2 protein chains.
Amino acid sequence: MRLSKRGEYGLRAMIVLAEPVEKNAMPVVQIKEIALREQISPKFLEQILLALKNAGLLHSKMGVGGGYYLARSSSEITLGQIFRVLDGPVAPIKCVSQMAYEPCGCPDEQTCGLRLVMGDVRNAIADILDNTSLADVTKRQVSVRKKLGIK
Amino acid sequence: MRLSKRGEYGLRAMIVLAEPVEKNAMPVVQIKEIALREQISPKFLEQILLALKNAGLLHSKMGVGGGYYLARSSSEITLGQIFRVLDGPVAPIKCVSQMAYEPCGCPDEQTCGLRLVMGDVRNAIADILDNTSLADVTKRQVSVRKKLGIK
DNA sequence: TATAAAACCTATTGTTTTAGTAGTCTTTTC
DNA sequence: GAAAAGACTACTAAAACAATAGGTTTTATA
């Protein structure tokens, strides 16, 4: 039940891009800056951000002083959207996937016990990922920092 | 976020083994019988059942008329136990694993937004898997069958 | 007591996925 | 027009996955 490095890095990068920008800062962030901050290979991250851009979650600016920025407000982008672009369906088994259903080959799908439980698991994961926006994540980070006495 | 075939087949097999035995039926079930019912390669299933046996979830009887049976009552074996034997930790990322923690390499683990959310995901999955026993699964199957007008 | 049926165990193999590297092309600013 | 940035495509090494293969041991029973 593993998140891939691709998914991990992509989610990390999106969280960085969702951070409230300081005064006078550029609205766009460059690949190499994110890569440096999050300790990710810049070329690998490039592919990931490109995929997120082609999926419509990011916009970019080419050329000198260019970089990436969120395509929508951070409260309108969910972790579920990001996850699905990078790692595919959330469901642990194809036959319970809402977005990419396929039969899983069990004798009788309707009464398959495994399917019933995995359906619950899928819903539990999707509930979290689809109802958590990037803004929710940054809000939570802020409150954790406050609790720990700023930083 | 995928369940492996190994995990899928193992869980299926355990559910079969948890089914209430008919009168006069042998208390043990053979690999090939399960393989046939669930459409699994018998040799692959053999490895899986062996792993479950070595983990203490199954017992076996060798020789003619042998086979496998649950090591404990079906209400005392959870899907979480089976899953972990076959697919490893439930957590989507190592740094939120309760059973097999490892740092994940983010700059600051305490305030890592991804880690906060993935912790929730881990807990949601573990809540289901660790609180669902094989007996719960078979009970649920029965009630689904009843609802659909027996079968 | 020989035979066949069953689990036990280990090694090997082919395929797919993963995680990354490399290199060229295009756009933009100065 | 040079440099800085993203866009795109191809490739590759290593690991994981899904089996397959084949011999060993145990046990019931004919």
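Given the structure is predicted, the values throughout are model-derived calculations rather than measurements. The sequence lines fix the lettering, A, B, ..., with proteins before strands; numbering per chain opens at 1.
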Along DNA chain D, first and last positions that approach a heavy atom of chain A under 4.0 Å =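 On DNA chain D, the outermost contacted nucleotides are D/dA3 to D/dA10.
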Side-chain donor or acceptor of [X] paired with backbone N/O of [Y] under 3.5 Å:
X: B/Gln141; Y: A/Thr111; result: yes
X: A/Arg115; Y: A/Glu109; result: yes
X: B/Thr132; Y: B/Leu129; result: no
X: B/Gln47; Y: B/Phe44; result: no
X: B/Arg72; Y: B/Ile77; result: no
X: A/Asp136; Y: A/Ser133; result: yes
X: A/Arg6; Y: A/Leu86; result: yes
X: B/Asp87; Y: B/Ser4; result: yes

Can you check the [X] [atom1] to [N] [atom2] distance for me, whole Å?
X: A/His59; N: C/dT27; atom1: NE2; atom2: P; result: 18 Å
X: A/Arg6; N: C/dT21; atom1: CZ; atom2: C1'; result: 15 Å
X: B/Leu17; N: C/dA7; atom1: CG; atom2: C1'; result: 14 Å
X: B/Lys5; N: C/dT15; atom1: NZ; atom2: P; result: 18 Å
X: A/Lys53; N: C/dT26; atom1: NZ; atom2: C1'; result: 11 Å
X: A/Ile48; N: C/dT21; atom1: CD1; atom2: P; result: 12 Å

If you round to the nearest 0.5 Å, how far is CG of B/Leu79 from CG of B/Asp130?
->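 Rounded to the nearest 0.5 Å, the CG-CG separation comes to 9.0 Å.
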Approximate separation, where rounding is to 0.5 Å, of A/Met14 CE and A/Ser74 OG |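 It comes to 10.0 Å.
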Kindly point out which of C/dA11, C/dT29, C/dC9 is positioned nearest to the side chain of A/Val64?
->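 Shortest atom-to-atom distance from the side chain points to C/dT29.
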State whether A/Lys61 places a side-chain N or O below 4.0 Å from either non-bridging phosphate oxygen (OP1 or OP2) of C/dT28.
->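 So the side-chain polar atoms of A/Lys61 never come under 4.0 Å of the phosphate oxygens OP1 or OP2 of C/dT28.
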Name every residue in residues 80-102 of chain A that has at least one heavy atom under 4.0 Å from any atom of DNA chain C, in order of residue number, or write none if there are no such residues.
->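 Going residue by residue through residues 80-102 of chain A, none turns out to have a heavy atom under 4.0 Å of DNA chain C.
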Might you work through the salt bridge (charged side-chain N to carboxylate O under 4.0 Å, His left out) test for B/Glu8 and B/Arg12, ending with a clear yes or no?
-> CA-CA 6 Å; B/Glu8 178 188 331; B/Arg12 285 248 169 77; 2.7 Å; yes
Nearest-nucleotide comparison on DNA chain D, the residue closer to the 5′ end among A/Leu50 and B/Leu3 =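 It is A/Leu50 whose nearest nucleotide is closer to the 5' end.
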Between A/Gln47 and A/Gly67, which has a closest nucleotide on DNA chain D that is more 5'?
->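 The residue mapped nearer the 5' terminus is A/Gly67.
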Do B/Glu46 and C/dC9 share a donor-acceptor pair, side chain to base, under 3.5 Å?
->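 Side chain to base: pair present.
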Kindly state which residues belonging to residues 31-45 of chain B come within less than 4.0 angstrom of DNA chain D, counting heavy atoms of the residue only, listed by number.
->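 Of all residues in residues 31-45 of chain B, the ones placing a heavy atom under 4.0 Å from DNA chain D are B/Ser41, B/Lys43, B/Phe44.
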